[in-house]
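Report on the following structure.
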Amino acid sequence: MPAASSPLPIAEVIPALRAALAAHPLVVVQAPPGAGKSTALPLDLLQEDWLAGQSVIMLQPRRVAARAVASRLAEGLGEAVGETVGYRVRFESRVSAQTRLEVVTEGILTRRLQRDPELAGVGLVILDEFHERSLNADLALALLREVQGALREDLRVLVMSATLDPDLPVRLGAPLVESAGRAYPVEVRYLPTDPVGRVEDAVARKVRQALAEDEGDILAFLPGVREIRGAAAQLTDSGALVLPLYGDLSVKEQRRALLPDPAGRRKVVLATSIAETSLTIDGVRVVVDGGQSRTQAFDPATGLTRMVTGRVTRDSATQRAGRAGRTAPGVAYRLWSERTQPLLPPARPPEVLEADLAPLVLELAAWGAPDPTALAWLDAPPAPRVDTARLLLRGLNALDDTGRVTPEGQRLLEFPTHPRLAHLLTGGAQAGLGPLAADLAALLEERDPLPPGSGADLTERVAALRDGRAGRGDRGDAAVLERVERLSRQWRGLLGVRPDNAEPDAYALGELIALAYPERLALAREVLPGGARGRFLLAGGQGVALPEGDALAGAPALAVAHLDARALNPQNAEGRIYLAAPLALSTLDARAGWAEAVRWDARTGTLLAQRERRVGALILETRPLKDLPAELRVAALAGAIRAEGLHLLTFSREAEALRARVQSLRHWHPEADWPDLSDAALLDTLEGWLGPVLGTARTRDDLGRLNLLPALEALLPWPLPQQLGDLAPTHLTVPTGNRIRLEYRADGSPPILAVKLQELFGLEQTPAVNGGRTPVLLHLLSPAGRPVQVTQDLRSFWNSSYFEVRKDLRGRYPKHPWPDDPWTHAPMKGTKRRGV
DNA sequence: CTCTCCCT
């Protein structure tokens with residue numbers, strides 16, 4: 001059992017770590033929470049000789065954690081933050097000339113590397129919480145390895161991970177230093193069965209039980225703010241101090257959740273996954289894990305993201321449970337059954353495999369790596385995602401066609417935000433809309449300040465922000481608006497504009513949104529066939545809708561900023577619009593261009609050939625296209641046939657026979673050059689063989705009426721037609737002089753000759769095709785055309801089965817002759833005798 | 001009743 005006063009476990013491995021870092025540029029430390037790796041180890045390393053007085057940068061994935069870790073480290077030195085130990089996060093830094101250990105969040109390091117790739121004066125970079133595999137931590141590591149290889153062989157990198165993953169040091173080619181943790185035992189308790197119903201209800205129930213049965217403060221994990229509010233409402237009469245904890249809270253509110261209640265009451269903290277790592281909440285001895293977590297899923301097909309609530313991963317659950325054992329032995333209630341536990345996903349995939357890569361691709365292009373996949377990644381960003389990101393960035397004029405950063409791209413990087421919003425800011429400023437762009441970009445980055453049910457119109461949000469700023473009113477969530485204003489101030493500073501508190505122009509907002517989200521311009525379906533009020537089509541092709549009764553529903557066009565790709569109607573994949581501004585049709589029109597469109601309309605079965613004025617999928621105006629170039633028509637019809645199937649074409653009996661004959665010859669003579677007339681091959685080569693006979697066909701009926709025989713015959717150059725006739729004749733002449741059609745099969749089996757038995761009287765041997773090499777398969781028929789026998793050996797039929805068959809036929813067809821010597825008897829066409 | 005986390 002660990003005791004709080006004993007030396008930290010990490011102290012035992014410090015000599016090994018020093019040795020490793022002295023010898024290797026990259027070292028991995030794996031130590032469970034409580035080992036002291038974040039709060040003690042960096043101070044020890046500051047004394048290293050190889051550091052030669054240079055400073056240390058320590059990366060933290062979250063701002064709260066960066067501040068907290070810096071405080072703990074400074075405390076360890078008996079100093080204030082900002083002396084030897086400082087921190088730097090967005091909007092806030094506490095560093096001084098004497099600072100030698102700087103705790104920073106991830107984006108700060110990326111930007112610093114851009115400005116100063118050599119990291120002058122820095123001897124060691126520590127990547128803490130690396131097991132989280134955040135996009136920026138992966139990026140930082142890739143960049144740091146690049147720096148080590150090219151510019152700074154002396155730079156050390158220390159990767160710290162709270163989970164034991166033997167793979168990590170192997171994949172990094174780095175020595176591993178492993179430390180024990182120091183934590184009190186935590187007893188994990190599962191439910192007997194998986195719960196049904198809402199997670200907030202189950203969590204509230206379990207918290208009540210824990211308040212009655214267990215000691216110490218309680219930390220409960222819920223997927224999001226909504227559930228936290230729901231659970232809090234059920235616990236108001238519990239007697240405990242119930243505090244929410246999530247990222248959108250102000251620093252002050254977060255601190256309340258972290259510190260003990262001054263009044264000494266028991267504390268219940270209802271938290272999102274923010275409390276999973278980094279934050280130590282004093283006095284927590286009970287964890288209630290609701291078993292869910294909410295994450296953002298990026299859909300590469302639409303380029304849209306949506307929130308998804310999923311089951312907690314096993315490594316997250318371990319982290320959550322560990323929170324109960326930081327200060328004393330504890331208990332962790334897991335609101336799922338022990339049987340379910342092994343079925344949970346082990347860990348979240350690294351963010352780089354799932355995220356929107358536009359910011360990363362732009363960063364790397366500016367870094368001088370237009371091909372991001374070429375860096376030394378632990379997991380390389382997936383190439384299709386990189387392509388999607390490049391496409392977007394080219395649309396924002398941030399990259400050129402070769403993937404290199406443009407001057408506009410460089411400019412976008414001056415704004416610490418997504419390239420889309422940076423483009424909104426620069427483009428807006430150029431259009432003289434700088435102050436509005438600053439307000440809008442800030443609003444789009446933050447949570448919606450207005451309560452649910454306020455409608456989707458962004459104009460209302462800008463008005464609320466400006467009213468607050470001008471002291472005209474206090475609509476909306478004050479804490480959110482305060483954060484929005486801080487962002488807006490940052491943007492105004494970078495743009496060099498002053499705040500504007502006038503009534504916002506709704507249509508100007510639409511134009512600004514179009515700069516950031518060109519594929520989210522939307523046209524009302526009301527103007528389209530079958531459209532309904534409030535439903536829109538995005539330029540990107542996706543259908544979206546406003547909630548019932550939204551005031552924007554009457555707008556002819558919208559610029560949509562925030563939407564959830566599938567929230568409104570998962571059945572037809574219709575998205576839900578959360579934030580938008582009305583768009584003037586003239587704005588849409590100004591962005592539109594004429595293009596020739598030749599495409600198959602599957603609904604009506606016709607070839608559409610028109611000039612269209614369009615923005616992406618939005619068609620504003622059409623004109624018929626005269627003098628349609630033949631190759632466009634052929635390509636469109638070929639595409640239609642490929643999409644709907646070869647059955648759009650009608651192969652006549654002759655055409656099918658020709659195909660079967662040629663396919664048979666391909667089987668019989670694979671060495672010869674018979675063309676492939678199979679379905680697959682014909683579909684592959686439609687343009688070539690069908691093109692010449694398409695004429696003016698433009699409907700499904702036209703296609704069905706085409707005479708395909710000449711087109712197929714054209715595929716047989718001389719001397720193939722003659723050889724085809726010789727080797728695979730269409731008909732055979734039987735002893736009566738009748739020409740009987742042969743039925744060929746594409747699989748090369750012998751062709752079938754269906755013929756009345758009597759017509760073969762006088763014929764001794766099975767007739768053959770393929771130059772006499774392939775006897776036909778005889779389907780011998782009765783005088784009435786009924787099948788009697790199938791044979792490929794006529795001689796043996798005459799000698800044996802014929803006499804069996806004759807008994808039966810004689811009874812049924814007494815007027816017909818049934819001779820004893822069929823092979824010499826004259827053939828018969830009917831009942832009347834012909835010939836001798 | 002969308003909103004885990006992050007940015008010179």
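Reminder, nothing fancy here: chain letters follow the sequence lines and each chain counts from 1.
- For A:E253, there are no salt bridge (charged side-chain N to carboxylate O under 4.0 Å, His left out) partners two or more places apart in sequence or in a different chain.
- Counting to the nearest Å, the P atom of B:dC3 and the CD atom of A:Q292 are 12 Å from each other.
- A:Q254 places its CD atom 12 Å from the C1' atom of B:dC5, with the value rounded to the nearest Å.
- If you measure from atom CZ of A:R447 to atom C1' of B:dC1, you get 13 Å, rounded to the nearest angstrom.
- Counting to the nearest Å, the C1' atom of B:dC6 and the CG atom of A:L487 are 12 Å from each other.
- Residue A:S273 is classed as a sugar-phosphate contact, given heavy-atom separations below 4.0 Å to backbone atoms only.
- Taking A:R348 as the reference, nothing meets the salt bridge (charged side-chain N to carboxylate O under 4.0 Å, His left out) condition, with sequence neighbours excluded.
- Side chain of A:P452, nearest nucleotide from B:dT4, B:dC1, B:dC7: B:dC1.
- Taking the nucleotide of DNA chain B with the nearest heavy atom to each of A:E351 and A:P416, the more 5' of the two is matched to A:E351.
- No contact: A:L135 has no heavy atom under 4.0 Å from any strand.
- Rounded to whole Å, atom P of B:dC1 lies 14 Å from atom CG of A:D564.
- Between A:S134 and A:N136, the side chains place no donor N or O within less than 3.5 Å of an acceptor N or O (distance only, hydrogens not considered).
- Using cut-offs of 30° and 60° for the angle between ring planes, the A:Y517 and A:H562 rings count as perpendicular.
- With rounding to whole Å, A:R111 atom CZ is found 11 Å from B:dC6 atom C1'.
- For B:dC7, one of the phosphate oxygens OP1 or OP2 lies less than 4.0 angstrom from a side-chain nitrogen or oxygen of A:T105.
- As a whole-Å value, the separation of A:Y246 OH from B:dT2 P is 16 Å.
- Side chain of A:D448, nearest nucleotide from B:dC3, B:dC5, B:dC7: B:dC3.
- Taking every side-chain heavy atom of A:Y578 into account, B:dT2 is the closest of B:dC3, B:dC6, B:dT2.
- B:dC7 atom P lies 10 Å from atom CD of A:E92, rounded to whole Å.
- Residue contacts for A:E445: at a heavy-atom cut-off of 4.0 Å it reaches a base atom on one of the strands shown.
- Results of the side chain to side chain contact (heavy atoms under 4.5 Å, CB included) test with A:L335 over A:D289, A:V199, A:V203, A:V312 single out A:V203 as the only residue that passes.
- Nearest nucleotide to the side chain of A:R62, out of B:dC7, B:dC6, B:dC3: B:dC6.
- A close approach under 4.0 Å does occur between a side-chain nitrogen or oxygen of A:R294 and OP1 or OP2 of B:dT4.
- The phosphate of B:dC5 (OP1 or OP2) has a side-chain N or O of A:T272 nearer than 4.0 angstrom.
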